[in-house]
Amino acid sequence: MSSAVYDKVKELLIEKFGVAEDEISPEATFSDLDLDSLDLVEFALAAEEEMGVRISDEEAEQLDTLNDTVKLLEQKGATVEGEASHQ
Amino acid sequence: MTTDIAITGLGLVTPAGIGVDASWQGVLSGRSAGAKDPNLEGIPIDISCRVADFDGTEQLGRKAARRLDRFVQLGLVAAREAIADSGLDPQTWDGARVGAVMGCGMGGAGTWETQHTTLLEKGPERVSPLLIPMLIPNMVAGHIAIEFNANGPNLVTATACTSGATAIGVARDLLRTGACDVVITGGTEAGLTPLSIAAFGQMHALSGRVDDPAAASRPFDADRDGFVAAEAGGVLILERADDAAARGATVRARLLGYGASADAYHITAPDPDGVGVGLAITAALDSAGITPRDVDHINAHGTSTPLNDAAEGRVINRIFDGDTPPVTSTKGVTGHSLGAAGAIEAAFAVLTIQHGRIPPTANLDKQDPEIDLDVVSGAPRDATVDVVMSNSFGFGGQNGVLVLASA
């Protein structure tokens, strides 16, 4: 899987959440990556900050694989700037 | 059951160095860690004693570090060193018998402040769900329990600048009562944030020597004008001496006594007559079963504030009837690490006993003539030291005094 949104999600997981790059794949679940429910809320906040879309707490609780997450973000119209994040 | 308490492990992360050896060498050097603090830019008192080379991400990994306020990071790294030093194995010990009692005055001040800025600038929906678990002071003991499989009694003591000493005293009691077989204890603090330093400045508690930060912390000196705020983590591993002997542990020193009291006088100023402090010292000596004559050295609270050092000098003279053993304040080097201070100074007392060297008080150029104490300065003083008294006094009037002795 390769899309700007996937790449951004991957970057967030590595840079902000300290996940090792080789653990990350479209099929990986947040649980596989040792992210708990508090991390998921943090992830939703970071996604809002970086991609301009809001994931509700209910949606955040349902997030499973990175693939599903990217699909949800894309459905919501997530946009990723061409440049690397300035945050 | 003997109530003799053995200290079998030490861990230190202080402005004098990361690790027990580096911290001890730093304290012996007599060079103050006081420096300009870039994080305090714009604050009138922009100096501190930071653990300059401590990077939580480097020490703990990004995944763990981002969920931990710096006060927990400092405490956890010190705990790792102390447990390794003790030779105990958290993988095989009976976790139900292992307690953790840490002291902390402020908790996650840095997390509070950055998240408050987020609240004001971006709104409540951007506030981190990790704010509460990062800032509550008890979390350092919680994280120690999680990492080291310690299911026994677990708490954090908050008695301001006495917190670390209080924690060690409580830990002793958990061993004496038989509630625990091992206690991971000490103190941690990381409150060098713009808001808290601005507030300490408004109290006129801090040294204003911003143009000469390395000379700002000068306990017992005639020209002292306040303390220099510091951050640190210090951990000691305590066990009953017979248990330590049975497992063949290396005992660094013994915790012989502890006394606590309250000034019941003023929220921040020390009682000039030192009634409360005297009670704590007397209680500590009584619990150790010794008299003032048996004390070889005093690691003073010695904050470098005009009021503390004068009052402490008077109380020591009263209790020791003018015949006082050599005194030092390691805060000249480390600054005042608040809730960690009592713990790191207990560790320095242990090292003083083990090495037979009393560290010098930094920046003691001209001793205050009003303070009639034999203050060690200039260079370490070699001496046979079997018994050390370590003083801690906190805002709120809470006092804690530890007595440590050779193994």
Side-chain angles (χ1 to χ4, degrees), chain A residues 7-25 28-64 66 69 72-73 76-81 84-87, chain B residues 39 54-77 80 91 107-108 110-149 190:
Chain A
D7 290 344
K8 189 71 194 176
V9 166
K10 187 172 169 179
E11 178 194 314
L12 275 179
L13 290 171
I14 295 168
E15 297 296 325
K16 188 173 167 65
F17 293 86
V19 176
E21 186 168 1
D22 61 8
E23 289 180 63
I24 298 173
S25 71
T29 65
F30 284 97
S31 163
D32 292 337
L33 304 177
D34 286 335
L35 268 60
D36 64 16
S37 62
L38 295 176
D39 291 322
L40 279 179
V41 178
E42 286 261 286
F43 177 82
L45 293 179
E48 183 176 350
E49 187 101 11
E50 300 280 336
M51 292 176 266
V53 294
R54 176 163 294 191
I55 300 174
S56 69
D57 288 353
E58 293 72 30
E59 287 168 328
E61 282 171 24
Q62 300 300 319
L63 293 178
D64 187 28
L66 298 192
T69 305
L72 178 70
L73 289 167
K76 285 176 171 277
T79 54
V80 177
E81 287 175 38
S85 162
H86 296 289
Q87 288 299 325
Chain B
N39 290 6
F54 185 88
D55 178 341
T57 300
E58 201 176 278
Q59 294 276 347
L60 298 158
R62 182 171 298 174
K63 203 184 255 184
R66 74 170 196 88
R67 292 165 66 103
L68 306 177
D69 186 273
R70 190 168 168 92
F71 87 98
V72 175
Q73 295 177 358
L74 294 170
L76 206 50
V77 170
R80 284 182 178 181
Q91 298 303 315
T111 301
W112 256 131
E113 286 181 39
T114 53
Q115 289 296 310
H116 188 246
T117 302
T118 299
L119 173 71
L120 296 181
E121 290 180 353
K122 296 178 179 170
E125 294 189 334
R126 292 291 183 84
V127 170
S128 171
L130 291 169
L131 166 61
I132 299 299
M134 285 177 74
L135 80 88
I136 50 181
N138 54 306
M139 202 50 87
V140 64
H143 279 288
I144 287 173
I146 292 167
E147 176 155 341
F148 301 108
N149 176 35

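Predicted, not measured: the structure shown is a model, and the values here were computed from it. Numbers restart at 1 for each chain; the letters A, B, ... are given by sequence-line order, proteins then strands.
- A distance of 4.0 Å separates CZ in A:R54 from CD in B:E125, rounded to the nearest 0.5 Å.
- Contact count against chain A (heavy-atom pairs under 4.5 Å) is highest for B:P129 among B:G61, B:P129, B:S128.
- Of the possible polar contacts, one joining the B:R62 side chain to the A:E15 backbone as a donor-acceptor pair under 3.5 Å is found.
- A 4.5 Å side-chain heavy-atom check between A:E49 and B:K122 finds at least one atom pair inside the cut-off.
- Here the CG atom belonging to A:D36 is positioned 7.5 Å from the CG atom belonging to B:L130, to the nearest 0.5 angstrom.
- Neither the backbone nor the side chain of A:L13 comes within less than 4.5 Å of any heavy atom of chain B.
- Salt-bridge annotation for A:D39 and B:R66: present, with a side-chain N of the basic residue lying under 4.0 Å from a carboxylate O of the acidic one.
- Distance check: A:E23 CD to B:K63 NZ gives 4.5 Å after rounding to the nearest 0.5 Å.
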